[in-house]
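Only one structure is covered here, and it is reproduced in the block below.
All ligand and atom numbering here is 1-based and tracks the order in the structure. Basis for what follows: all heavy atoms, side chains included, without hydrogens, waters or symmetry-related copies.
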Amino acid sequence: MSDAVKYLLDETHLPKRWYNLMADLPSPPPPVLHPGTLKPIGPDDLAPLFPMSLIMQEVSTEREIDIPEPVRNIYRQWRPSPLFRARRLEHALQTPARIYYKYEGVSPAGSHKPNTAVAQAFYNKEAGVTRITTETGAGQWGSSLALAGSIFGIEIQIFMVRISYDQKPYRRAFMETFGARCIASPSMETSFGRQVLAASPQSPGSLGIAISEAVEVAAGRDDTKYALGSVLNHVLLHQTVIGQEAIAQMDLANDYPDIVIGCTGGGSNFAGIAFPFIGAQLRGGKKVRVIAVEPAACPSLTRGQYAYDFGDTGHMTPLARMYTLGSTFIPPGFHAGGLRYHGMAPLVSHIKELGLIEARAYHQIACFDAGVFFARQEGIVPAPEANHAVKAAIDEAVLCKEHGAAKTILFNLSGHGHFDMQAYQDYFDGKLSDQSYDERELAMALAGLPSVPA
Ligand SMILES: *Cc1c(COP(=O)(O)O)cnc(C)c1O
């Protein structure tokens, strides 16, 4: 049994700026389009939903953007987050690889999401916003925004996907502890929710539906804005504190990754760990293999189409070019709720097109196998989403063993699984199955993609 090895930075190493990958890309991503005119949108088109400061970050091409001091002061509660060398895992795998993981489960909400929730709440407060609406799937984003809302004194209204609302009462209690209001989606509170319920009264809901409800409320009120927990450029930007810290910590370890791995739902924690390394590579630094890992039951990057699509089911959002399964696609039920989104961040999609990253998909049972194995070596129970990254890291380490290659592997452990013990219990009881999406439904959802002239 070897000892735990942890690389800690002191507070003076808390990043002062977010890193914007846009500045280093060889070509910009395609423009975001207005759904009516199909013309590129401008900042004003987004003004009903977001404060201007966040819109300017959304379109920024500056390499570095200052992190406001009040945001850094809150980050200090859990940042810099630790980087661990997985010595016991390496030993158990008998691999010559060196495995490191950045642990984001140390935040008060248990995942990376407060990195952007705190920033978004800050800018909304600064703009005089009194209320923010949002959606949540598994509950991690809602928990993070509820926390941030209570810090800045902003009312938070959360549309929670119905199936999670019923299955995860503790997540709801967590959000309510911070004073947020949680509504099962589809709901009777919005016209889109009522429309969905009229057509399908038993609807389990989906992220796409919940987004439409939250956007509808925000668009209809002057005092209310909307916040999204992933996908958008400014969200990915805020998460780059993860990778910047990791670079400094790998330096402390006197090492540098050959392979960087993150799980991908909308792409934000993946971007957080990977973009600073990809940026360093694009500026002439060492080349890294970067792997995005997604669920086989909702495989936007590996099975989706790179096309213009809506971000929501109700078609209220602008059109972004991204890897998508179609905005009407409803993934089958599986336990990594944070990965059940039909699209992928446009910026992550774009760098996939540029060949800067790889993608792969795993079924859930293999991911739980990996997560439980990891927990028994490293003493941390990963979130079901993070198990996808764990699985890929283990697979790469096993390949290193087969090839006698002493590679350095870094992955992001995006959160802990303490609210997901029912999923682990189902796994232990043999109740999990590997869900496949319906190929016909996928074909239908893709056939329904909006047509946008090239
Ligand atoms: C929300 C969530 C994800 C997926 O979202 P991304 O934006 O792709 O990072 C992954 N892991 C955890 C722990 C999450 O809460």
Exercise. Salt bridge (charged side-chain N to carboxylate O under 4.0 Å, His left out): which pairs involve residues 297-314, sequence neighbours left out?
Worked result: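 Sorted result for residues 297-314: Arg303-Glu439.
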Problem set entry | Pairs satisfying salt bridge (charged side-chain N to carboxylate O under 4.0 Å, His left out), at least one member in residues 408-421, at least two apart |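 The answer is Lys168-Asp420.
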Problem set entry | Given Phe174, Tyr170, Tyr424, the one that forms ring pair (Phe, Tyr, Trp, His ring centres under 6.0 Å) with Phe419 |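 Only one of Phe174, Tyr170, Tyr424 forms a ring pair (Phe, Tyr, Trp, His ring centres under 6.0 Å) with Phe419, namely Phe174.
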Problem set entry | Main-chain N/O of Phe310 paired with Ser327 side-chain donor or acceptor, under 3.5 Å |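 No, the answer is negative, given that no donor and acceptor are paired below the 3.5 Å cut-off.
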For this session: List for me each residue that meets ring-ring contact (aromatic ring centres under 6.0 Å, His included) alongside Phe373, sequence neighbours excluded, and say none if there are none.
Result: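 ring-ring contact (aromatic ring centres under 6.0 Å, His included) list for Phe373, sorted by chain: empty.
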Exercise. Any idea which residues sit under 4.0 Å from ligand 1, heavy-atom distances?
Worked result: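 Within the 4.0 Å shell of ligand 1, which is judged on heavy atoms, sit Ser111, His112, Lys113, Gln140, Ser230, Cys263, Thr264, Gly265, Gly266, Gly267, Ser268, Asn269, Gly338, Leu339, Ala383, Glu385, Ser414, Gly415.
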For this session: Decide whether Glu213 and Ser187 meet the rule of one side-chain donor and one side-chain acceptor closer than 3.5 Å.
Result: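 Short answer, yes.
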